[in-house]
Enquirer: 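What follows is a single structure, and I will ask about it in a moment.
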Amino acid sequence: MRKNHRKRGTVMSDKIALIGAGNMGYAILMGIIKSGCCEKSNIVAADKSEECRKRAASEGVLATPDPAVAVSGASLVILAVKPNAFDSL
């Protein structure tokens with residue numbers, strides 16, 4: 001089992017890509033933001049729904065309709081989409 005060697009209270013400077021900003025993705029996004037583990041400027045949320053992108057952007061993160069843009073340069077990619085949506089990514 002891999003141990004996390006990050007010290008408590010440190011802020012991750014790596015880019016996080018969140019693919020899917022619907023209900024599940026938004027909940028994950030809010031958990032990341034509230035934890036303070038990452039600067040909002042290092043989070044990119046991708047969703048095909050303009051409404052979901054607007055909601056994510058209102059939290060101070062970059063929002064895009066293109067998953068390829070979100071994952072470019074990301075150290076961590078979180079998939080928060082329903083299984084039937086994988087083929088459309």
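Fair warning: this is a prediction, and the values are worked out from it, not measured in the lab.
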Enquirer: Apply the test side-chain contact (heavy atoms from CB on, under 4.5 Å) to residues Val61 and Ile33: give CA-CA distance (whole Å), side-chain angles for both, the deciding distance (0.1 Å), then the verdict.
Expert: CA-CA 9 Å; Val61 304; Ile33 291 171; 4.2 Å; yes
Enquirer: What do the steps show when you test Asp14 against Leu76 for side-chain contact (heavy atoms from CB on, under 4.5 Å), and what is the final call?
Expert: CA-CA 8 Å; Asp14 297 333; Leu76 175 64; over 6 Å; no
Enquirer: Taking all non-hydrogen atoms of both residues, which atom of Ala21 and which atom of Cys52 are closest, and how far apart?
Expert: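 Shortest heavy-atom separation between Ala21 and Cys52 comes out as O-CB, 3.6 Å.
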Enquirer: Output, in order, the C-alpha distance, side-chain angles, deciding distance and verdict of side-chain contact (heavy atoms from CB on, under 4.5 Å) for Arg55 and Glu59.
Expert: CA-CA 7 Å; Arg55 184 170 65 162; Glu59 299 298 338; 5.6 Å; no
Enquirer: Nearest 0.5 angstrom please: Ile43 CD1 to Leu29 CG, how far?
Expert: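 So the gap between those two atoms works out to 5.5 Å.
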Enquirer: Would you check if the side chain of Ser35 reaches a backbone N or O of Ile32 as a donor-acceptor pair within less than 3.5 Å?
Expert: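 At least one qualifying donor-acceptor pair exists.
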Enquirer: Under 3.5 Å, is there a donor-acceptor pair between the side chain of Lys15 and the main chain of Val71?
Expert: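 Not confirmed, Lys15 side chain does not pair with Val71 backbone.
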Enquirer: Do Arg53 side-chain atoms and Ala45 backbone N/O form a donor-acceptor pair below 3.5 Å?
Expert: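 A pair under 3.5 Å: no.
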Enquirer: Tell me the closest heavy-atom pair linking Ala46 and Ala70, and the distance in Å.
Expert: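 Between these two residues, the closest heavy atoms are CB-CB, 3.8 Å.
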Enquirer: For the CD atom of Glu39 and the CD1 atom of Ile16, what is their distance to the nearest 0.5 Å?
Expert: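 Rounded to the nearest 0.5 Å, the CD-CD1 separation comes to 11.0 Å.
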Enquirer: Could you pull out the closest heavy-atom pair between Asn42 and Cys38, with the gap in Å?
Expert: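 Taking Asn42 first and Cys38 second, the nearest heavy atoms are CB-SG, 3.7 Å.
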Enquirer: Quick one: closest heavy-atom pair of Val81 and Gly20, and the distance?
Expert: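 That would be CG1-CA, 3.8 Å.
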